[in-house]
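No hydrogens, no waters, no symmetry mates; every other heavy atom, side chains included, goes into these values.
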Amino acid sequence: MNQYDVIIVGAGPAGMSAAVYAARAELNTLMVDFGEPGGQINGTNVVQNYIGVGSISGSALGYRMFQHTRQLKVPFQKKKVVKIEAGEPLHRVYMEGEEEPYLTRSIILAIGTTPKSLHVENEEKFSRKGISWCAICDGAQYAGKDVIVIGGGNSGVKESLFLSNIVTSLTMLTNYDLTADEVAIRQLKSKTNVQILTYQNILGFVGEEKLEGVRTLDTKSGQEQVIPCAGVFEYIGLDPHTNFLHGLHIMNHQGYIVVNPSMETSIPGIYGAGDCTVKDLRQVVTACSDGAIAAQNASHYLRKHGL
Ligand SMILES: Cc1cc2nc3c(=O)[nH]c(=O)nc-3n(C[C@H](O)[C@H](O)[C@H](O)COP(=O)(O)OP(=O)(O)OC[C@H]3O[C@@H](n4cnc5c(N)ncnc54)[C@H](O)[C@@H]3O)c2cc1C
């Protein structure tokens, strides 16, 4: 039976940072992820605010982080965790398609978030067939075309800057004002092929065979219109990946894992780290910080309890 000191669920920045600290504390560690190591940054064109690195593509940063865990010989398995049973002193971690659970003395949940959808008319019909949640993955398909970006937070504005270099025109739609940081907003506003329409409610998507436009309601003027486009990118926020944890009662009402400053959940030996936790700023730098703290405290916990 597989038994570990710590199982790290998720190989995004938080999980990989935790892996580095766990390995250096000489914990018998397993890191798992159902996707490629890197997490959400794999889907971003450029990361420019991770201290000490300058400007780097998201996938290159993810690769570097993963290489770091490989140098420290942290075992990685491509697996999806579908259930966790808390125990004393061993927790049980169930992987998709496997009957026997993995036993572990501690768990670091670094499972990140997934992009939100609008749940409006025809969104499902055009999902990934005109509507995308990843500019770096799908942006090239819209070279020389008109696109709409929905959402004016940091992700929406940053990915619009990338897309604006590819597409003929980009219309950004936001339900209120832009909420991204000032530097990014200024850069976007300086682009000649970008128009920004604020106070727009998205009513649905329009098209027969393929996506032809977005139906909007201007909440200031009360006017409805269809804005034509070949593609849409949605950046309207995130939902935590925590559905499979419901039995543990460690989340708040929005599904985010509640942790204290030591990254401890209410269950001894189970930690949360990164975007899946209740926090103010969901970024690479804060995810890495959380992962380090979680692994350090998992190590202290194991030593203190002689596990
Ligand atoms: C478009 C976009 C642009 C961004 N740009 C920047 C930027 O420029 N700078 C910056 O600092 N931040 C940026 N961010 C935010 C940054 O990507 C996140 O803050 C960071 O990736 C969070 O890391 P994490 O490890 O907590 O979660 P994630 O990166 O989400 O990683 C979580 C991992 O857990 C895995 N997982 C989830 N559930 C399970 C399960 N049940 N079993 C196994 N594995 C599981 C997922 O597959 C995923 O790989 C951006 C985000 C987006 C969406």
So the disulfide bond (SG atoms under 2.5 Å apart) pairs with at least one residue in residues 104-186 (sequence neighbours excluded) are Cys134-Cys137
So disulfide bond (SG atoms under 2.5 Å apart) across residues 24-60, not counting sequence neighbours, yields none
side-chain hydrogen bond (donor to acceptor under 3.5 Å, both in side chains) between Gln40 and Thr113, worked out: CA-CA 8 Å; Gln40 284 175 71; Thr113 53; 3.0 Å; yes
The side-chain contact (heavy atoms from CB on, under 4.5 Å) partners of Lys220 (sequence neighbours excluded) come to Tyr199, Asp218
For Ala295, the side-chain contact (heavy atoms from CB on, under 4.5 Å) test, sequence neighbours excluded, returns Ala18, Tyr21, Ala22, Ile108
Exercise. If the plane angle is over 60° it's perpendicular, under 30° parallel, otherwise tilted; pick one for Phe66 and Phe76.
Key: perpendicular
I'd like to know if the side chain of [X] pairs up with that of [Y] as donor and acceptor (distance under 3.5 Å, no hydrogens or angles considered).
X: Lys145; Y: Thr168; answer: no
X: Thr174; Y: Gln200; answer: no
X: Thr114; Y: Asp239; answer: no

Output yes when Lys79 and Glu98 qualify as a salt bridge under the 4.0 Å nitrogen-oxygen rule, no when they do not.
-> yes
- Query: side-chain hydrogen bond (donor to acceptor under 3.5 Å, both in side chains) between Arg303 and Ser299: does it pass, once the steps are laid out?
  - Reply: CA-CA 6 Å; Arg303 299 234 152 83; Ser299 165; 2.9 Å; yes
query = Can you find a pair of side-chain heavy atoms, one from Ile41 and one from Pro13, that are under 4.5 Å apart?
reply = yes
* Could you check if a side-chain atom of Asn165 sits within less than 4.5 angstrom of a side-chain atom of Lys191, using non-hydrogen atoms only? => yes
Here the salt bridge (Lys or Arg N to Asp or Glu O under 4.0 Å) pairs for residues 32-57, sequence neighbours left out, are Glu36-Lys78
Does the pair Arg128 and Asp138 meet the rule for a salt bridge (Lys or Arg N to Asp or Glu O under 4.0 Å), with working shown?
CA-CA 9 Å; Arg128 308 199 194 276; Asp138 302 325; 5.7 Å; no
Could you tell me whether a side-chain N or O of Ser17 sits under 3.5 Å from a main-chain N or O of Ala14, the two making a donor and an acceptor?
no
side-chain hydrogen bond (donor to acceptor under 3.5 Å, both in side chains) between Glu159 and Thr44: does it pass, once the steps are laid out? CA-CA 8 Å; Glu159 300 309 308; Thr44 184; 2.9 Å; yes
Side chain to side chain donor-acceptor pair (under 3.5 Å) filter on Glu85, not counting sequence neighbours, yields Lys83, Tyr94
